[in-house]
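Inspection log for the structure reproduced underneath, given as C-alpha cells.
Computed from a predicted structure; not experimentally measured.
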Amino acid sequence: MRAYYLLTLAQLRIFLRNRQVLFWTLAFPIVLMVMLGSFLGNGSGISLTVAVVDQDKSEQSKTLIKELEKNEAVSLEKSSEEKSVLDQLKNGDLTLVVTIPKGYGSNLTSGNKADPFELPVYYNETNMAMSQVGLQLVNNAVDTISKKQLDYQPLVVTDSKGVDALNLRYIDFLVPGIVAMMIMSNNMNGVAGQISSWRERGILRRMQGTTLKASTFIAAQITARFMLNGLQAMIVLAVAWLAFGIEVRGSWLTVIAFVTLGTLAFMAIGFIIAGIAKTPESAGPIAGFLSFPMLFLGGVFFPIRDMPEFLQPFVQVLPIAHLSHALRETMNVGASFLDLGMEAIILGGWLIGAFIVASFTFKWE
C-alpha cells in the first residue's frame, strides 16, 4: 500500500514540475476552447446578410425595410449605392441585394392589381442553398405587405405551436469535445511517451528488480492520471462556465464515470504504444498517428453526422467518438448513465481489449 501511495505521489509531482506538460495538457486546450468559443461559440443557426438600396424613400419603402428587419436570421445593411453592394454580392460578402426603385410607394398607393410592381432582388448563384433561404424570407415580407394592402382574408391559416427546445450553441458542443480531447492526449500520448522514456533510462528495469508488483505500478499510474484528468476537467468546465455560461445539466457522477472509462481506455492504448515503440522518439509519432485523425473523426470539433457516409462505420468504433458523445449528452441534454449504456459498453470493450493486448506487448526493458 505504501508503494502504491508513493508511486502515485511521485507521478503527480513529475507532472506538476514539468511546465511544458502543464501547458500542452491544460493551458493549450483552454486557449483553444476560448478562441473557438469566442469566434464560433454563440452560433446556433444561419445568418443572411441582405443589403437594401432604397431609391424610393417613401413611407411604403420604409415599411418594407422594417418588415425585413423583423426576421432575426437577417442581418440587414442599408445602402444608397446599388453598384457598390452588387460588387460586394459578386465578391461573396452579401447573400442578397434588394433594390426598391422609385415609384414603389406610389404604385402601392394606387392599388394597381393588374400590373404588379416588380422589386429587383439579386442573389448569389454560386451559393444557391443560402440564396434560396434569403429569397424565401424576402418573398414572405413582400407577401405580408401585399396582403395588408389588399386587406386579404385567407381561407386557411396555420396554427403555430412553439416547442420549448434546447438552445444549444457551438460552445455547448465544443466543451465536452475539448474534455474528451484532453483525456485522450493525457493518457494515450502521455503514457506512451513516459513509459518509453522510463524504459530507455532503465527506470522500469530497476523497478522490476525490486519487490514492486506490476499491478501496483499500473494502479498508481491509473490513480495519478485519473486525479489529473479530473482536476483538468474541472478547470476547463470552470473556465467554460465563467466565460460562456456552460452548465452541466446531467449528473456529475455520470460525467465522472465516463471520465474514468475514458482514462482507462486511452491508458490501455498508451501502454500498447509504449510496448510497440522501441524508443521515446518513436512513441510520439505513433501516438500522434493515432490521435490526430481521432480529433477530426471523433466528433471533437464537428458533428459526426455531418461526415461522409463511407466514414460512418469507421467513426462509430472510435473510442473518442463515444466518449465525446457521452459527455455531450450528459452535459447538454442531462442523459443518465443508463441512457448511455451503448457508449459505456463500447468504451469498456476498448478498455478490456486494449489491456489484454497491452499485457502481451508491455516490456520492462
*Are there more than 12 heavy atoms of other residues, nucleotides or ligands under 6.0 Å from atom OH of Y123?*
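Check fails, neighbour count at 12 or below.
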*Step through the shown structure and confirm whether more than 12 heavy atoms of other residues, nucleotides or ligands are within 6.0 Å of CE on M342.*
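No, the 6.0 Å shell around CE holds no more than 12 heavy atoms from other groups.
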Taking [Y] as the starting point, is it possible to reach [X] by hopping between hydrophobic residues whose side chains are less than 4.5 Å apart?
X    : Y    : answer
V52  : L89  : no
I256 : L338 : no
M184 : M234 : yes
L135 : V85  : no
L318 : L311 : yes

Test item: [X] side-chain N/O and [Y] main-chain N/O as donor-acceptor pair under 3.5 Å:
X    : Y    : result
T263 : N187 : no
H322 : Q316 : yes
W241 : V236 : no
N124 : L94  : no
R249 : N332 : yes
R328 : G299 : yes
D56  : G103 : yes
S251 : L253 : yes
T63  : E59  : yes

Any [X] side-chain heavy atom under 4.5 Å of [Y] side chain:
X    : Y    : value
T99  : L119 : no
K62  : K57  : no
Y122 : V53  : no
I171 : L174 : yes
M227 : T223 : yes
F244 : D172 : no

*Can N140 and Q136 be counted as having a side-chain donor-acceptor contact under 3.5 angstrom?*
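Present: a donor and an acceptor within the cut-off.
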_Within the 3.5 Å criterion, strictly below it, is a donor on S84 or D87 matched to an acceptor on the partner's side chain?_
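Note: S84 and D87 side chains miss the donor-acceptor criterion.
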For a quick test of reading the model, state the closest non-hydrogen atom pair linking [X] to [Y] and the distance between them.
X    : Y    : value
A268 : A358 : O-CB, 4.0 Å
G262 : I183 : C-CG2, 3.6 Å
G177 : S324 : CA-CB, 4.4 Å
W350 : V317 : NE1-O, 2.8 Å
F337 : A344 : CZ-CB, 3.7 Å
A321 : V315 : CB-O, 3.6 Å

Starting at [atom1] of [X], measure out to [atom2] of [Y] and round the result to the nearest 0.5 Å.
X    : Y    : atom1 : atom2 : result
L347 : T260 : CG    : OG1   : 11.0 Å
E329 : E343 : CD    : CD    : 7.5 Å
L327 : H325 : CG    : NE2   : 10.5 Å
I320 : L290 : CD1   : CG    : 12.0 Å
M188 : I272 : CE    : CD1   : 10.5 Å
Q55  : K102 : CD    : NZ    : 7.5 Å

*Determine, stepwise, if the pair V121 / V97 fulfils side-chain contact (heavy atoms from CB on, under 4.5 Å).*
CA-CA 6 Å; V121 180; V97 172; over 6 Å; no
*Report the C-alpha distance between V239 and M33 in whole Å, list the side-chain angles of each, state the deciding distance to 0.1 Å, and finish with yes or no for side-chain contact (heavy atoms from CB on, under 4.5 Å).*
CA-CA 9 Å; V239 172; M33 177 186 69; 3.8 Å; yes
*Do M331 and L237 pass the side-chain contact (heavy atoms from CB on, under 4.5 Å) test, and can you show the C-alpha distance, the side-chain angles, and the key distance before you say yes or no?*
CA-CA 10 Å; M331 293 175 59; L237 292 177; 3.3 Å; yes
_F301 ring center within less than 6.0 Å of F173 ring center_ =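 No, the ring centres sit 6.0 Å or more apart.
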*asked:* Taking the basic N atoms (NZ, or NE/NH1/NH2) and the acidic carboxylate oxygens, is any pair closer than 4.0 Å for E125 and K90?
replied: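 Salt bridge between E125 and K90, a charged N being under 4.0 Å from a carboxylate O: no.
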*Qualifying residue for side-chain contact (heavy atoms from CB on, under 4.5 Å) with F266, from L261, N186, L323*: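 That would be L323; it is the only one of L261, N186, L323 passing the side-chain contact (heavy atoms from CB on, under 4.5 Å) with F266.
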*Given the rule in the salt bridge (Lys or Arg N to Asp or Glu O under 4.0 Å) test, do E69 and K78 qualify, once you have shown the distances and angles that lead to the verdict?*
CA-CA 11 Å; E69 288 177 333; K78 300 175 185 178; 3.5 Å; yes
*List the steps, then state whether side-chain contact (heavy atoms from CB on, under 4.5 Å) holds for D339 with S336.*
CA-CA 5 Å; D339 296 330; S336 66; 3.0 Å; yes
